[in-house]
Amino acid sequence: MSRERPNGDRRERHRGRSGGAGALAPVLLPALLAALLAAPALAQDRDARDARDARDARDAAPSDTAQQAAPNLRGTGPAAPGRPRASAFDAPTSLRGSGAFPAPLGSGAPTNPAASPSEEEPTVARLPRFRSATSLPGSTAQGTPARPSLLRLRAAPPRRLGSATRQITQTRTQQIVTDLRLTPVIQNPVSGVPLPTPILGLGLPNAAGLLLGNTLRRPIPADSAYAPLGIRLGTFTLLPAFTQSIGYDSNPDQIGGARPRSSLALRSEAELALRSEWSASELTAEMRGSYLEYPQNPEASRPNAVGTARMRIDVDRDTRVDLETRFLLDSQRLGSPDLGAGGATSRPLFATYGATVGVQESFNRLQLSLRGSIDRSVFEDAQLGDGTTIIQSDRNANQYGLRLRAGYEISPAITPFVETFLDTRVYDTPVDQFGLRRDSDGIAFAVGAAVALNSTLTAEISGGLQHRSYIDRTLQDITAPVLNATLVWSVSPLTTVRFNQQTGVIETSVPGSSGAFTEAATLEVQHDLLRNLSITLGGAYLSTDYDGVRIRERGFSAIARLDYRFNRWLALRGSYIYSTLNSTIPLSTYDAHTVLLGVRVNP
């Protein structure tokens with residue numbers, strides 16, 4: 001029995017379906033556009049998922065392998081037996097099912113109750129933008145570890161300990177750090193009382209004064225955050241600096257009596273330090289020059305310069321060659337006995353320069369070194385108040401020296417040594433203006449030890465005897481003790497103590513005197529109040545006895561300095577200096593107070 005429906009009902013149903021499709025069109029079109037826009041991202045996720053599925057399928061059963069190898073877009077292939085063809089717009093496996101849209105938190109509904117744990121398809125946790133609970137730290141649930149979150153990968157890297165430039169700063173500021181001082185670094189007895197500027201290196205003085213071989217002291221390193229980086233030039237690092245100071249000096253001439261004239265003090269100082277960046281051997285140099293001007297006392301204005309350059313050549317593990325050049329430019333004080341004790345109107349200059357070549361060889365714990373040196377001293381003529389000229393060219397001389405040292409390392413901290421020094425002094429003028437032949441020969445023996453305790457205490461102490469004989473029979477031979485000591489003690493990371501003492505026989509032009517036995521000692525303490533603020537206190541003592549005449553001099557000087565560093569290239573320095581000298585010659589006794597305030601720039 002057949003039943004037919006009226007045509008009107010068919011038209012109603014057709015019209016209803018058409019109307020429903022038209023109503024769904026505004027909803028399907030945006031979804032279709034979103035699917036097309038997300039197709040590249042889904043394809044990328046699909047490729048990554050397929051690679052993981054291929055690795056997981058190696059240990060799976062054949063049926064599981066075939067099932068897992070099915071394409072995600074099943075509309076492009078033939079329908080599997082017993083399974084209808086899927087639509088070309090079906091979502092990928094990773095987005096189908098309840099795993100793509102998990103139940104709200106707190107609901108008890110399972111995410112995919114139809115799937116067993118063994119056949120569960122990849123969840124949304126495999127997407128790079130999400131992490132599953134099983135991969136969170138501290139989770140005890142079992143499951144495949146999730147890939148790292150994209151947000152985590154794009155996050156800032158973990159914070160590093162320390163500053164990124166710390167190693168560079170330490171490399172640039174190692175060993176030598178420029179420490180520009182407001183006072184001369186090396187003082188000679190003929191130019192006044194030495195200031196507290198310790199001198200590294202031991203040896204005997206030459207014709208110009210205390211130990212021509214002395215060099216600029218190794219300054220206390222500044223904090224790495226304020227230490228200058230320097231200028232890199234090939235394999236060398238340059239550390240230039242310039243300081244301009246202004247202050248007051250109560251006695252620029254360093255002379256006693258009623259003659260002292262105080263004046264405003266203007267000090268300009270330039271400095272250059274150089275060091276090599278070589279894997280073997282080493283070259284270092286330090287040079288400093290200054291000019292001290294007194295507007296109210298122009299005759300007391302004077303220059304000062306000092307410099308050294310050292311080169312160490314490492315021939316092999318046990319052999320080393322040392323080269324050194326040095327120079328010193330300074331002025332004589334008006335009250336010096338060599339100038340007639342105050343008769344000169346201006347301070348004459350003198351210069352000293354020389355070089356040393358040495359070889360050091362190590363035989364296991366035994367160390368042998370041999371060094372030869374040559375030095376020259378030149379003096380400028382002096383003008384007296386009555387117009388008379390004091391000729392000092394007869395004081396120009398050369399000194400040739402030879403030093404032999406043998407040391408034995410008992411332990412890495414202590415190395416005793418014995419030392420012998422031979423020298424001869426030859427004047428340009430065989431006979432001076434007083435008819436004396438001042439050429440002489442000297443010999444000295446010393447025993448000492450070098451101590452280095454954990455880099456906190458470094459010291460070298462030696463003592464012995466020296467003898468000097470003169471060609472002129474009227475000049476008595478001089479025999480005097482030798483006592484030299486240098487010490488650098490790091491009491492704490494903020495406090496450093498330096499001590500230096502030297503003795504020797506210096507040349508003189510005083511009639512009837514063979515020479516002057518001189519002893520100088522300096523002590524300096526530096527403490528860092530802040531990383532960029534340090535205070536320095538120091539004192540110096542000088543004792544000079546002229547042989548054959550009754551001239552004795554005892555001097556003392558003290559210094560207080562404050563350094564404030566604004567940054568790596570700019571610093572403010574203030575200093576107060578007090579010096580006094582007592583002499584058996586009345587016009588040689590003096591007192592002086594000096595105050596300086598300067599700004600230092602080191603590019």
Side-chain angles (χ1 to χ4, degrees), residues 186-191 194 199 201-215 305-310 322-330 332 336 338 349-358 369-380 392-405 419-432 436-446 462 464-472 475-480 482 484 502-510 513-520 544 546-547:
I186 297 180
Q187 287 279 357
N188 192 280
V190 299
S191 61
I199 302 169
L202 299 179
L204 296 179
N206 64 6
L210 282 178
L211 183 60
L212 182 61
N214 26 356
T215 63
V306 61
T308 60
R310 285 196 181 100
D322 296 321
L323 306 175
E324 178 183 284
T325 59
R326 52 196 171 266
F327 72 90
L328 170 67
L329 176 65
D330 207 344
Q332 304 177 68
S336 173
D338 295 296
L349 302 178
F350 72 91
T352 305
Y353 50 92
T356 298
V357 178
S369 64
L370 180 65
R371 288 178 171 84
S373 62
I374 178 173
D375 300 285
R376 178 166 177 81
S377 302
V378 180
F379 291 82
E380 183 185 28
Q392 295 197 100
S393 59
D394 57 349
R395 301 183 63 184
N396 299 343
N398 297 328
Q399 174 174 294
Y400 308 92
L402 186 65
R403 183 185 302 273
L404 175 63
R405 173 185 285 197
E419 189 175 52
T420 301
F421 180 74
L422 304 173
D423 77 297
T424 180
R425 297 172 183 174
V426 180
Y427 284 79
D428 295 351
T429 304
V431 180
D432 65 4
L436 299 176
R437 302 178 58 187
R438 292 191 173 272
D439 294 351
S440 61
D441 298 320
I443 184 172
F445 299 94
S462 65
L465 194 66
Q466 60 180 330
H467 177 79
R468 177 159 296 278
S469 59
Y470 296 84
I471 297 179
D472 199 310
L475 298 177
Q476 301 178 4
D477 295 349
I478 298 178
T479 301
V482 175
N484 296 324
Q502 292 179 332
T503 59
V505 177
I506 63 174
E507 296 296 295
T508 181
S509 61
V510 175
S513 177
S514 303
F517 176 75
T518 301
E519 179 181 3
T544 305
Y546 288 80
D547 182 73

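All heavy atoms count here, side chains included; hydrogens, waters and symmetry mates do not. Just so we're clear, the structure is a prediction, and the values are computed from it rather than from any experiment.
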**Prompt:** How about T356 and D322: does a side-chain donor come under 3.5 Å of a side-chain acceptor?
**Reply:** no
**Prompt:** Excluding sequence neighbours, so at least two apart, what forms side-chain hydrogen bond (donor to acceptor under 3.5 Å, both in side chains) with S373?
**Reply:** none
**Fill in**
Sequence neighbours excluded, the answer for side-chain hydrogen bond (donor to acceptor under 3.5 Å, both in side chains) partners of S440 is R468
**Message:** Between R438 and E507, does any side-chain N to carboxylate O distance fall below 4.0 Å?
**Reply:** no
**Message:** For N398, give me all partners under side-chain contact (heavy atoms from CB on, under 4.5 Å), at least two apart in sequence or on another chain.
**Reply:** R376, Y400, D428
**Expected output: side-chain S514 to main-chain Q476 donor-acceptor under 3.5 Å** = yes
**Asked** Listed by chain and number, what are the side-chain contact (heavy atoms from CB on, under 4.5 Å) partners of D472, not counting sequence neighbours?
**Response** L436, R437, T474, L475
**Complete:** The side-chain hydrogen bond (donor to acceptor under 3.5 Å, both in side chains) partners of D441 (sequence neighbours excluded) come to T424
**Message:** Could you work out, with side-chain hydrogen bond (donor to acceptor under 3.5 Å, both in side chains) as the rule, every residue matching S513, not counting sequence neighbours?
**Reply:** none
**All side-chain contact (heavy atoms from CB on, under 4.5 Å) counterparts of L370, not counting sequence neighbours** = L402, L404
**Message:** Cation-pi check for F379 against R395: NZ or CZ below 6.0 Å from the six-membered ring centre and within 45 degrees of the axis, yes or no?
**Reply:** yes
**Request:** Decide side chain to side chain contact (heavy atoms under 4.5 Å, CB included) for V510 and D338; before the verdict, give the C-alpha distance in whole Å, the side-chain angles of both, and the deciding distance to 0.1 Å.
**Result:** CA-CA 6 Å; V510 175; D338 295 296; 3.7 Å; yes
**Asked** D330 side chain to F350 main-chain N or O, any donor-acceptor pair under 3.5 Å?
**Response** no
**Prompt:** Who are the side-chain contact (heavy atoms from CB on, under 4.5 Å) partners of D394, not counting sequence neighbours?
**Reply:** T429, D432, Q433
